[in-house]
**Student:** 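This structure is in structure tokens; I'll ask about it shortly.
Order of appearance sets the numbers: ligands from 1, and atoms from 1 within every ligand. One-based numbering along the sequence shown. All values below were derived from every heavy atom in this structure, side-chain atoms included, with hydrogens, water molecules and symmetry-related copies excluded.
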Amino acid sequence: MSGIEAWYMDESEEDQKLPHRLNPNQPVSLKQLEEIGVYYWKLNADIYENDPELQKIREERGYSYMDIITIHPDRLPDYENKVKMFYEEHLHLDDEIRYILDGQSYFDVKDKNDRWIRIAVSKGDLITLPAGIYHRFTVDESNYTKAMRLFVGEPVWKAYNRPADDFDIRKAYVNSLKGS
Ligand code: KMT
């Protein structure tokens, strides 16, 4: 498949790890994601340790830092609490850049009208979320994702839970959507 799949979420309070599709499904295209500043590349995760394509993206975009996180009950201390924490609606002062090396999970982002879009990511997906966008993350029922975390310079992981509307980065992000 070329590309990731995204859809508008239902409002149900069911388990966050479920797909939460509307019925009928309401798909969201890559173009719609780009309009809110979300970008995507498909890479070959089998060769991530020595991949010229990944290297090129990192050089062009200045992604000098990287580490690898394995999100799995046996690999991540305090797993269930972390899974809950990642699912709080929040923003960061910098772009969030994740390259999925194995497994699958969901990134949820808010659209211009404050509706949740769910983005299903799996092995080979590199996704960037812009600084200032409200978003959250969850594993699916497989409870397993291995991801490379990329960053421009020294990483700053701090998350600001909503409401964070007064941050300059939030205002700049909202402004960037105007007219599009
Ligand atoms: C983080 O910073 O650890 C996360 O964003 C969790 C999801 S990484 C696939």
**Student:** Does even one non-hydrogen atom of E96 get within less than 4.0 Å of ligand 1?
**Tutor:**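 Yes, that is the case, since the closest heavy atom of the residue is under 4.0 Å from the ligand.
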**Student:** Check each atom of ligand 1 against the heavy atoms of F137 and keep those under 4.0 Å away; list them by number with element.
**Tutor:**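 Here the atoms of ligand 1 in question are 7 (C), 9 (C).
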**Student:** So if I count the atoms of ligand 1 from 1 in the order they appear, which ones are less than 4.0 Å from some heavy atom of A147?
**Tutor:**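 Result: 9 (C).
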**Student:** Assess whether salt bridge (Lys or Arg N to Asp or Glu O under 4.0 Å) is satisfied between K17 and E80, documenting all intermediate values.
**Tutor:** CA-CA 12 Å; K17 299 177 183 178; E80 285 303 335; 3.7 Å; yes
**Student:** Are any of the N or O atoms of R149 closer than 3.5 Å to those of ligand 1?
**Tutor:**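 Yes - when backbone and side-chain N and O of R149 are compared with those of ligand 1, one distance drops under 3.5 Å.
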**Student:** Go through the side-chain N and O atoms of Y134 and D114 and say whether any donor and acceptor fall under 3.5 Å apart.
**Tutor:**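 Their side chains do not contain a donor-acceptor pair, so the 3.5 Å distance test is not met.
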**Student:** Numbering the atoms of ligand 1 from 1, which are under 4.0 Å from a heavy atom of I69?
**Tutor:**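 Those of ligand 1 that fall under 4.0 Å from I69 are 3 (O).
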**Student:** Is the closest side-chain heavy-atom distance between L126 and R98 below 4.5 Å?
**Tutor:**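 No - every pair of side-chain heavy atoms lies 4.5 Å or more apart.
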**Student:** Would you say the side chains of Y40 and D125 form a donor-acceptor pair under 3.5 Å?
**Tutor:**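 Yes, because at least one side-chain N or O of Y40 sits under 3.5 Å from a partner of the opposite role on D125.
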**Student:** Could you check, using the six-membered ring where one of them is a Trp, whether F167 and Y160 have ring centers closer than 6.0 angstrom?
**Tutor:**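 Between F167 and Y160, the centre distance is under 6.0 Å.
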**Student:** Against heavy atoms of R98, which atoms of ligand 1 measure under 4.0 Å?
**Tutor:**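 Answer, ordered by atom number: 1 (C), 2 (O), 4 (C), 5 (O), 8 (S).
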